[in-house]
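Worksheet: one structure, shown below.
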Amino acid sequence: SYIVYLGGHSTKSSEEAIVNSHHELLGSVMKSKEKAKEAIFYSYTKEINGFAANMEEDEANEISKHPSVLSVFKDKTLKIQTTHSWDFIGLPSNVTTSSSLPPTASSGADVIIGHIDTGVWPESKSFNDDGMGPIPSKWKGICQNQNITNFACNKKLIGARYFAAGFLQGNNSVNDTKNGPRDTVGHGTHTLSTSGGSIVTNVSYFGYANGTARGGAPHARVAMYRVCWRNPVFATCKESDILAGIDAAIDDGVDVLSMSIGGGPEPYFVDTVAIGSFHATNKGIVVVCSAGNSGPDGAISNVAPWIFTVAANTIDRYFPSYLTYDGKRINGTSLSNGLPSKDLYPIISSINASVYGGDDCFSLTMKAKGKIVVCNSTMVSPIDQAVNVQIAGGVGMVLVNSEKQGEIYLSFPYSIPTIHITNSDGQVLQSYITSNNKSAMGLISSQVTSFGNRAPQMPQFSSQGPSLVNKEILKPDVSAPGVQILAAFAGVGTSTGVKTDPLSPFAVMSGTSMSAPHIAGISALLKSQYPTWSPAMIKSAIMTTATIHDNTGQLIAMADPSLTPATPFSYGAGQVNANAVMDPGLVYDLTTEDYLNFLCANDYNLKELRLFSDNYTCPSTPMQIEDLNLPSISIPYLVDGITVTRKLTNVGPPGKYNVSIDFPKNITVTVNPTELDFDKVGEQKVFQVSVSGNHGGQYKKYFFGRLKWSDGKHSVEIPLAVHSLL
């Protein structure tokens with residue numbers, strides 16, 4: 001399967017005419033219009049112009065040479081990447097009456113949040129429409145429920161579509177696609193309820209994380225575009241389906257589009273998410289994407305500057321569990337009960353109980369019977385490892401973090417008593433087992449929910465910068481809660497993996513998939529309060545009010561044994577501070593023309609540029625890429641010195657702002673002017689930041705700092721990253 005991209009629609013043509021033009025174009029290559037009709041399984045006819053079709057490689061090469069074709073690329077597969085979390089980032093519990101948010105913003109009323117994901121469970125209480133008024137008149141979407149039993153939308157869940165043609169080209173099972181937009185994975189229901197779910201009181205996951213579940217914008221309308229399908233266990237998402245979902249969402253009239261989906265970094269002109277997001281941003285839609293779960297060494301995803309890229313951080317809530325052995329106690333976490341007896345049980349290492357001598361619990365012998373088995377976190381899912389221990393007759397499991405996962409506490413819904421412990425504690429435990437061999441004994445116990453952990457911290461799994469596509473663009477943009485987040489879940493299948501275990505309408509999940517919808521929800525609140533703001537202004541308000549300090553007043557740390565200080569490559573501008581975003585004072589704005597000039601500066605030729613705009617001519621003098629007016633500054637190639645330009649727009653009362661710089665002495669940073677005086681809303685002021693190197697013997701290293709404008713009330717802060725090449 002290939003995607004043939006033709007740009008946008010320069011003129012308004014009927015859908016029939018557009019489809020026919022696609023058939024004729026491919027037919028000219030296949031020498032038969034009828035063959036072309038059979039080969040094409042998607043025609044993009046709304047905002048995006050192109051089609052997806054099955055072709056031989058030589059046919060793809062031939063059609064790529066056609067003058068109207070801008071790019072041809074393979075239809076790749078991408079991956080999918082809450083009670084207390086909203087309190088933790090400063091969004092008041094009673095969002096509908098809080099004095100800290102303007103009344104028009106406090107619930108996101110009538111803003112429409114769309115998600116590209118695995119579908120939705122419409123019966124979830126998180127999508128009840130109690131007290132909601134008529135559906136906004138601008139909405140053009142549908143509830144695609146033909147031939148699907150008992151699937152209905154309402155005044156809360158106002159739309160649901162599904163796109164599976166790309167998925168089905170790979171001879172995949174149709175068992176899942178017969179469900180249409182209904183979620184059979186749980187991921188989409190979880191993310192959609194996090195961004196815009198209704199308020200649901202007294203919820204928990206079997207007693208864990210008890211409280212009130214709510215989306216960031218609980219009175220927003222929500223819509224699901226299902227593009228990810230179970231095959232056979234994991235959810236996969238084809239780019240052709242994703243592009244179809246984005247195209248429909250733009251045309252339907254969403255205000256915010258959230259995608260917890262990603263792959264590897266690619267040039268923008270062959271990145272489906274980047275291309276689709278550009279079209280959405282051009283229509284005033286805020287596009288929010290997850291940064292990916294490939295950290296700390298894997299590349300960050302979704303790095304186009306018009307995308308709002310979100311990393312994951314921890315919150316202070318945890319689910320404590322304890323392993324007692326040899327007079328010692330290890331702290332860990334779990335979403336399972338402890339062992340029923342207070343007696344100690346034998347402990348065995350997975351290596352000694354494994355059929356293959358492996359260090360995980362993929363396949364175990366009966367040596368595990370009656371014992372606590374110590375398993376290592378690998379590519380085998382923690383839930384599956386617990387099931388394997390249970391099958392082998394084990395009474396409990398200790399799951400040890402990998403070195404990559406480090407010291408973060410993760411909790412999963414296990415089928416047997418389990419404790420999840422850090423990598424360093426795991427090494428100590430393994431030493432005890434090795435020394436005591438057959439006499440090692442221990443006990444797993446637990447309590448339900450606790451608060452007070454130092455947080456936020458940055459988990460190792462959250463993908464980190466710099467961007468491999470444009471190091472001049474600092475990514476991620478911001479971080480948000482993404483570890484152990486409670487939200488709605490699909491009412492099919494158990495989260496423990498054991499069919500006889502009870503179902504829960506809510507589940508606890510972790511990943512940047514969970515952090516992105518937090519930002520989507522807050523973006524909806526801002527869109528409700530400031531409907532004329534551009535996506536860049538909304539992004540700026542969230543970034544410039546973010547915090548880089550944790551709940552102890554210290555700088556945000558990595559979740560590793562040493563609590564290494566985190567950097568903007570982990571958290572971007574910092575953790576979102578929802579209580580401050582509504583009054584940012586000043587914003588950094590960007591237009592479509594700015595993004596096109598950015599692409600020109602990246603040496604995009606005329607054909608590549610047409611992927612994003614039909615009729616744009618690059619300026620004779622390219623812009624300096626570092627001058628793109630983002631609320632961050634990244635200088636990846638500092639040699640002698642560089643001057644970067646930024647423009648601020650006043651969105652608050654008149655005021656005089658003064659600048660301050662917090663940066664290591666190894667690099668000299670100066671700002672001109674040092675004072676900006678704003679007289680009215682909408683007034684713009686330009687300033688320049690000059691950076692020169694004094695590396696002090698620290699060669700080829702990134703240095704990080706902050707630039708802040710303040711009028712005494714507002715603090716408008718952006719991160720700086722400078723890489724000295726000398």
Could you tell me whether a side-chain N or O of [X] sits under 3.5 Å from a main-chain N or O of [Y], the two making a donor and an acceptor?
X      : Y      : value
Ser515 : Ala311 : yes
Ser528 : Ala524 : no
Lys539 : Ile307 : yes
Asn658 : Glu675 : no
Arg317 : Asn453 : no
Asn313 : Ala480 : yes
Asn650 : Lys680 : yes
Asn302 : Ser260 : no
Thr314 : Ala455 : no
Asp662 : Arg706 : no

State the [atom1]-[atom2] distance between [X] and [Y], to the nearest 0.5 angstrom.
X      : Y      : atom1 : atom2 : result
Ser277 : Ile246 : OG    : CD1   : 5.0 Å
Thr532 : Lys527 : OG1   : NZ    : 8.0 Å
Asp560 : Thr422 : CG    : OG1   : 11.0 Å
Asp255 : Ile538 : CG    : CD1   : 8.5 Å
Ile633 : Asp627 : CD1   : CG    : 9.0 Å
Asn597 : Thr592 : CG    : OG1   : 11.0 Å

- Can you list the steps and then say if Leu586 with Tyr657 is a side chain to side chain contact (heavy atoms under 4.5 Å, CB included)? CA-CA 10 Å; Leu586 307 172; Tyr657 285 79; 3.6 Å; yes
- Query: Pick from Tyr571, Phe663, Phe569: which one makes a ring-ring contact (aromatic ring centres under 6.0 Å, His included) with Phe704?
  - Reply: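 With Phe704 as partner, Tyr571, Phe663, Phe569 yield a single ring-ring contact (aromatic ring centres under 6.0 Å, His included), made by Phe569.
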Considering non-hydrogen atoms only, spot the tightest contact between [X] and [Y] and give its length.
X      : Y      : value
Pro719 : Pro631 : CD-O, 3.5 Å
Gln484 : Ile315 : O-CD1, 4.5 Å
Phe461 : Gly511 : CE1-CA, 3.6 Å
Val581 : Thr545 : CG1-OG1, 3.5 Å
Leu474 : Pro568 : CD2-O, 3.7 Å
Ser290 : Ser513 : CB-N, 4.0 Å

With heavy-atom distances below 4.5 Å as the criterion, would you say the side chains of [X] and [Y] are in contact?
X      : Y      : result
Phe703 : Leu720 : no
His549 : Leu555 : yes
Leu525 : Met582 : yes
Ile485 : Met509 : no
Glu239 : Leu78  : yes
Thr544 : Val587 : no
Asp271 : Val469 : no
Ser534 : Thr591 : no

Distance-only polar pair, side chains of [X] and [Y], donor-acceptor under 3.5 Å:
X      : Y      : result
Thr512 : Asn293 : yes
Thr649 : Gln684 : yes
Tyr268 : Asn470 : yes
Thr552 : Gln554 : yes

- Check against side chain to side chain contact (heavy atoms under 4.5 Å, CB included), Val273 and Met259: CA-CA 9 Å; Val273 173; Met259 289 184 277; 3.9 Å; yes
- Task: Evaluate the ring planes of His279 and Tyr5, with Trp represented by its six-membered ring, and classify them as parallel (under 30°), tilted (30 to 60°) or perpendicular (over 60°).
- Result: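 The arrangement is perpendicular - the two ring planes meet at more than 60°.
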- Task: Return the orientation label for the Trp306 and Tyr595 ring planes: parallel under 30°, perpendicular over 60°, tilted otherwise.
- Result: perpendicular
- Query: After noting the C-alpha distance and the side-chain angles of Thr643 and Ser690, does the key distance pass the side-chain hydrogen bond (donor to acceptor under 3.5 Å, both in side chains) rule?
  - Reply: CA-CA 4 Å; Thr643 297; Ser690 298; 3.0 Å; yes
- Message: Taking side-chain contact (heavy atoms from CB on, under 4.5 Å) as the criterion, tell me which of Ser467, Pro636, Pro305 meets it with Glu472.
- Response: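 The passing option is Pro636.
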- Query: Crowded around Lys471 NZ? As in, over 12 foreign heavy atoms under 6.0 Å?
  - Reply: no
- Decide yes or no on side chain to side chain contact (heavy atoms under 4.5 Å, CB included) for Thr194 and Met514, but give the supporting numbers first. CA-CA 8 Å; Thr194 299; Met514 284 65 250; 5.9 Å; no
- Task: Please list, chain by chain and in numerical order, all residues satisfying salt bridge (Lys or Arg N to Asp or Glu O under 4.0 Å) with Asp589, sequence neighbours excluded.
- Result: none
- Go through the steps for Ile642 and Tyr637 under the test side chain to side chain contact (heavy atoms under 4.5 Å, CB included), then give the verdict. CA-CA 9 Å; Ile642 186 174; Tyr637 310 111; over 6 Å; no
- Task: Report the C-alpha distance between Ser715 and Glu717 in whole Å, list the side-chain angles of each, state the deciding distance to 0.1 Å, and finish with yes or no for side-chain hydrogen bond (donor to acceptor under 3.5 Å, both in side chains).
- Result: CA-CA 6 Å; Ser715 183; Glu717 299 188 36; 3.0 Å; yes
